Each structure stands twice: as C-alpha cells, then as structure tokens.
Amino acid sequence: MKSSVTYELLHTDKTTGARRGVVHTPHGDIQTPVFMPVGTQATVKSMTVEELKENGAQIILSNTYHLYLRPGSKLVRKAGGLHNFMRWDRPILTDCGGFQVFSLSDLRTITEDGVEFKSHLDGSKHFFSPEKVMEIEEDLGADIIMSFDECCPYPSSYEYTKDSMERTTRWAKRCKDAHTTENQALFGIIQGGFYEDLREQSAKDLIELDFPGYAIGGISVGEPKEEFLKMLKFTAPLMPENKPRYLMGVGSPDYLIEAAMAGIDMCDCVLPTRIARNGTAMTSHGKVVVRNATYAEDFSPLDPECDCYTCKNYTRAYLRHLVKCNEILGDRLLSIHNIKFLTNLMERVRMEIENDNLSNFAQDFYKKYGYTKEEE
RNA sequence: GUGGAUUUAGCGUAGCUGGUUAACGCGCCAGUUUGUGGCACUGGAGACCAUGGGUUCGAGUCCCAUAUUCCACC
C-alpha cells in the first residue's frame, strides 16, 4: 500500500550532510528539518492554534496515553478526530505512550504482550498492547502515528537494553499488522540504548518491516551530551534516505542543530513550552532566566533579534513581573517566544542547508549562544 | 489606671514537662527542566528568639523589671 506520508529530499548540505526536504502528509507539507511543538493533551499548553500557526508551527505532537485516559480516544473519534476536536488543520503526530512507559515507571509493568499502567489520574488499571495502541492512535486520527515501544532509562544494562529493543521490534511488527488506516503513516522507533550493535540490529530489523518513516528513540534521556552525540551520529546514517528521520525528544537549540547536521528531519520536545512555564526563555544570546533579579529594571525586549509578538511588545522587566506573580500571561508570552525562537532557528537551518553553509552557521550560533551563557 | 494576653528571619507562624547547628509557609536569591502526571523540582541567603537583669552545668522555653501591641473593665 502506498504511504500517505512521503519524504522528498530537496538538497543535501555539502558541509555536513544535513537534509533539506519536505514531508508530504494528508494535512499538508512540512518543510524539514522541522521542530515540532508538543501538545500532549490536544493543546500546546497555553497557546491557541492561531498563535501556533503565527509562530511557525508546521506540525504538532499529541499523546496517545494522555488522550486515551482523558477525554478518551473514542470521544475524540466522535468529535471527528484530533484535528477537528482541537481545530488544528495542519499535520499531527501522535506519540504512542512509549515514553510514558519510561516516565511513569513506578506505575507500570512490562510483559511480552504489553504494558499494564496504573493511571496517574485515578489509579485505575489499563493495558496497552501494540494492537491497543494502534486502535487508540487510529481513533485519534493523526497523520503520523508511532509504533508502541519501550524507552529505556539511562543507564540500562546491555542485557536489559537488548531484551527491551528486541521486544520493541516485535511490538513494531504487531503494530504494523494491526494498523488498518490508509491515511495514517506508521513510523517505527529504533531503540538499543547506548550500544552501537543494538542500534544497528534495531535499525536493520525495523527497516526490514518497511515503515514509511523512522524515529530514533531512547536518547536524550539524561545522558551526557557526548553520549547523545555519539549515538545520534551512529544511528542517523543507518536510517533510510528516502524516508523521514525523526529524533524523538530533542529541543534545545544546540541539540536541534546537531540533529540537523546528523541528517535528522524532525524533532519534537516539550522543552520550549515547559521552560517557558517555569520562567526561562531561549534567546539568540543564550538562555535567559527571566525570573532573575538582574532583569527587574531591564526595559529591553527579551531577545532584540526576535520578531515574535512577545519581543515586539513587551520588556524583560514586565515579563519578569508576570513570571514572579505567576500570572498566566507570563506563561503564554514566554511560550510564544520560545516556540517562535525554535521555528525561526529551524527556518534558518533550512536556509543554511540550501546554501551549503550549515557548518559555519552552527559555529557562529554556538559562539553567540554559548558566549552570553558563560558571561553570566 | 486595673486585669488579661502578645512580642521568634521582610511577613505570617511552630517550638512538647529548659539540653547538640531555633523549624515551617510566603517572600527573596540562584540552579534545573529535552517522545510533558505534577505553573514543577533542587539548593541558598536571612533571626544574637522585644530589652535589661536573675535562677541553672545549660533558657526561645522558668522568675523579676521595663517596653510593645491588642482585648476587656473602670
């Protein structure tokens, strides 16, 4: 069957091998490399869909586990699917709940058949099998759906990681067999922790299953940056060139640039919106903890080089005031800025790839982003 | 004026029958945040316990005096 999601390679950066491309989906094209904001509960926290669009979001993520528990995936189906329900007419990708296997580790048990969760909301028991996850993701109706995997914690032993990876591959096969919808593309997730031979095996086995796209899972889970880069650079080249390559869970500016340089097309992360809600902004001169006293009387914009609504209209002093008072508007304005900052960054990355200049740009960016950081 | 109560970090409070570095919340300062359970988490600064005197090996804790604020009554 022909996939509803396809990848078109437009240009390869001669300095790094980064890919400038387009991902075609039923809800429109995605220019890549792309950063995808996360909207776990069918909302990118505090932002309207209009704001997301204005700030350059091309595709957003949502979450199987959370929507299944509340409001229920059948309800979302009745609402006409996630797109209708939340009024977002651009592409959506749903994560499978694999990350929750990792993050809710004290509330679940893993068996060959699947994972038993205790709901973090009311303690009720739920069972996720690959087949169940496919049913939920089909009810939600995202353009790209992820196969059910286990995201191993860092560090994990070789034996544990191997067993887990092999099970994830078996689950991927089951997902593929259970997947019925033609307008949704099912991506496989490469696991294998921080062991090269396991990564290689995982990639090889999943590629044999012939998914329309592949993700790297299980990195950016708390390991040192060198470990992350090593595994990223090892795994990305194992992925098919004619399909989208998605690195899960990456969202700091430097990691995004590294991902692009490694040939990754898509990344998602809660980082920009989460740190926004905790009072931190990403700027062209590094991270700014808006809450800090040093900005109390700083009447300049958050990032003078940014063209977002927040930077065009508000001062650091005012944003600090909002954050310190825990005012909702502070969360919103910082979220708007951080999302725009990352979509701007990725737009720039795409341009630099087209100009075969990504390597230089990366160096310049690091100098600037790192310089202010050290200055503090 | 009389009787009662009060006085512990910037604010609000806890400190049991006296015993090593006086606790907590808010506020303040800083750090963390990476396929979002948690507008969260982790640290830090800041008090000679109203003042003076006394009892005791040892007092925020007991006694006396003074001051403070509050309440009631004349």
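These figures come from a predicted structure and were not determined experimentally. Every chain is numbered from 1 and lettered A, B, ... according to where its sequence line falls, protein lines coming before strand lines.
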field: Distance, C1' atom - from B:A9 to B:A22, rounded to whole angstrom
entry: 11 Å
message: Taking the minimum atom-to-atom distance to the side chain of A:Ala293, which one of B:C39, B:A30, B:G35 wins?
response: B:A30
message: Rounded to whole Å, how long is the line connecting atom CG of A:Asp331 with atom P of B:U36?
response: 19 Å
query: Salt bridge or not for A:Glu112 and A:Arg167, using N-O below 4.0 Å?
result: no
query: Phosphate oxygens OP1/OP2 of B:U36: is one of them under 4.0 Å from a side-chain N or O of A:Asn63?
result: yes
- prompt: How far does the C1' atom of B:A67 sit from the matching atom of B:G53, given to the nearest Å?
  reply: 14 Å
message: Between P on B:U33 and CG on A:Leu334, what's the gap in Å once rounded to a whole number?
response: 17 Å
message: Whole angstroms only, please: what is the CG-P distance between A:Asn278 and B:C41?
response: 10 Å
- request: Please state the P separation for the pair B:C71 and B:U13 - nearest whole angstrom.
  value: 15 Å
field: Selected nucleotide, minimal atom distance to A:Thr40 side chain, candidates B:G31, B:U36, B:G35
entry: B:U36
task: Check every atom of B:G35, B:C39, B:G38 against the side chain of A:Lys45 and return the nucleotide holding the closest atom.
output: B:G38
field: Nucleotide B:G37, atom P - distance to NE2 of A:His120 in whole Å
entry: 7 Å
- request: Measure the distance from CG on A:Asp106 to P on B:G37 and round it to the nearest whole Å.
  value: 12 Å
query: Expressed in angstrom and rounded to an integer, what is the separation of A:Met248 atom CE from B:U36 atom P?
result: 8 Å
statement: When A:Asn326 and A:Ile275 are each assigned the nearest nucleotide of RNA chain B, the 5'-most assignment goes to A:Ile275
Phosphate-side-chain proximity, A:Lys324 and B:A30, N/O vs OP1/OP2 below 4.0 Å: no
query: Between A:Phe102 and A:Phe99, does the ring centre distance come in under 6.0 Å?
result: yes
message: Under 6.0 Å between ring centres: does that hold for A:Phe211 and A:Phe187?
response: no
field: Validation row: A:Leu67, A:Leu82 side chains within 4.5 angstrom (heavy atoms)
entry: yes
message: Name the residue from A:Tyr154, A:Tyr255, A:Phe194 that meets the ring pair (Phe, Tyr, Trp, His ring centres under 6.0 Å) definition with A:Phe228.
response: A:Tyr255
- request: Would you please indicate if the ring centroids of A:Tyr214 and A:Tyr246 are separated by under 6.0 Å?
  value: no
task: Rounded to whole angstrom, note down the P distance from B:C62 over to B:G31.
output: 44 Å
field: Minimum side-chain heavy-atom gap A:Leu256-A:Met346 below 4.5 Å
entry: yes
statement: Of the candidates B:G37, B:U33, B:G35, the side chain of A:His66 sits closest to B:G37
message: Could you check, using the six-membered ring where one of them is a Trp, whether A:Tyr65 and A:His120 have ring centers closer than 6.0 angstrom?
response: yes
- request: Could you check whether A:Ser46 gets within reach of a base, just the sugar-phosphate, or nothing at all, counting any heavy atom under 4.0 Å?
  value: nothing
query: So, do A:Phe234 and A:Glu200 sit near enough that their side-chain heavy atoms are less than 4.5 Å apart?
result: yes
message: Checking contacts here: which listed nucleotide (B:G35, B:A30, B:U33) is nearest the side-chain heavy atoms of A:Asp95?
response: B:G35
- prompt: Across the strands shown, which category fits A:Cys267 at heavy-atom distances under 4.0 angstrom: base, sugar-phosphate, nothing?
  reply: nothing
query: So what's the dot-bracket for RNA chain B: Watson-Crick or G-U pairs under 3.5 Å, [ ] if a pair crosses, | if it pairs off-strand?
result: (((((.(..((((.....[...)))).(((((.......))))).....(((((..]....)))))).))))).
message: As a test of reading the structure: which of B:C29, B:G37, B:U32 is closest to the side chain of A:Lys287, going by heavy atoms?
response: B:U32
task: Give a yes/no answer on whether the side chain of A:Arg277 brings an N or O atom under 4.0 Å of OP1 or OP2 in B:C41.
output: no
- prompt: For the side chain of A:Arg320, counting heavy atoms from C-beta on, which of B:C29, B:G37, B:G35 is nearest?
  reply: B:C29
- request: In whole angstrom, give me the gap between the C1' atoms of B:U8 and B:U69.
  value: 16 Å
- request: For B:U56 versus B:A72, give the span between their C1' atoms, rounded off to a whole number of Å.
  value: 37 Å
field: Rounded P spacing from B:U66 to B:G25 in Å
entry: 39 Å
field: Polar side-chain contact A:Thr280-B:U32 base: donor and acceptor under 3.5 Å
entry: no
message: Just to be sure I understand the geometry, which residues of residues 186-220 of chain A put a non-hydrogen atom under 4.0 Å away from RNA chain B?
response: A:Ile189, A:Gln191, A:Gly218, A:Ser220
message: Does B:G35 have its OP1 or OP2 closer than 4.0 Å to a side-chain nitrogen or oxygen of A:Ser103?
response: no
field: Distance in Å, A:Asp13 CG paired with A:Met261 CE, rounded so as to fall on 0.5 Å steps
entry: 9.5 Å
task: Kindly state whether the ring of A:His126 and the ring of A:Tyr68 have centres lying under 6.0 angstrom apart.
output: yes
- prompt: Is there a donor on the side chain of A:Arg291 or the base of B:U33 sitting less than 3.5 Å from an acceptor on the other?
  reply: no
- prompt: If only side-chain N and O atoms of A:Gln41 are considered, is one of them under 4.0 Å from the OP1 or OP2 phosphate oxygen of B:U36?
  reply: no
message: What's A:Leu104 touching, base or sugar-phosphate or nothing? Going by heavy atoms closer than 4.0 Å.
response: base
query: Taking the P atom of each, how far is B:A65 from B:C57, in whole Å?
result: 24 Å
- request: Starting from C1' on B:G35, measure out to CD1 on A:Ile59 and report it in whole angstrom.
  value: 13 Å
- prompt: What's the CE-C1' distance between A:Met36 and B:G35, to the nearest Å?
  reply: 9 Å
task: Identify which one of A:Leu271, A:Leu302, A:Leu345 satisfies the side chain to side chain contact (heavy atoms under 4.5 Å, CB included) criterion when paired with A:Met282.
output: A:Leu271
field: N/O (side chain, A:Asn292) to phosphate O (OP1/OP2, B:G31) under 4.0 Å
entry: yes
query: Could A:Asp122 and A:Arg70 be called an ion pair, given the rule that one side-chain N must be under 4.0 Å from one carboxylate O?
result: no
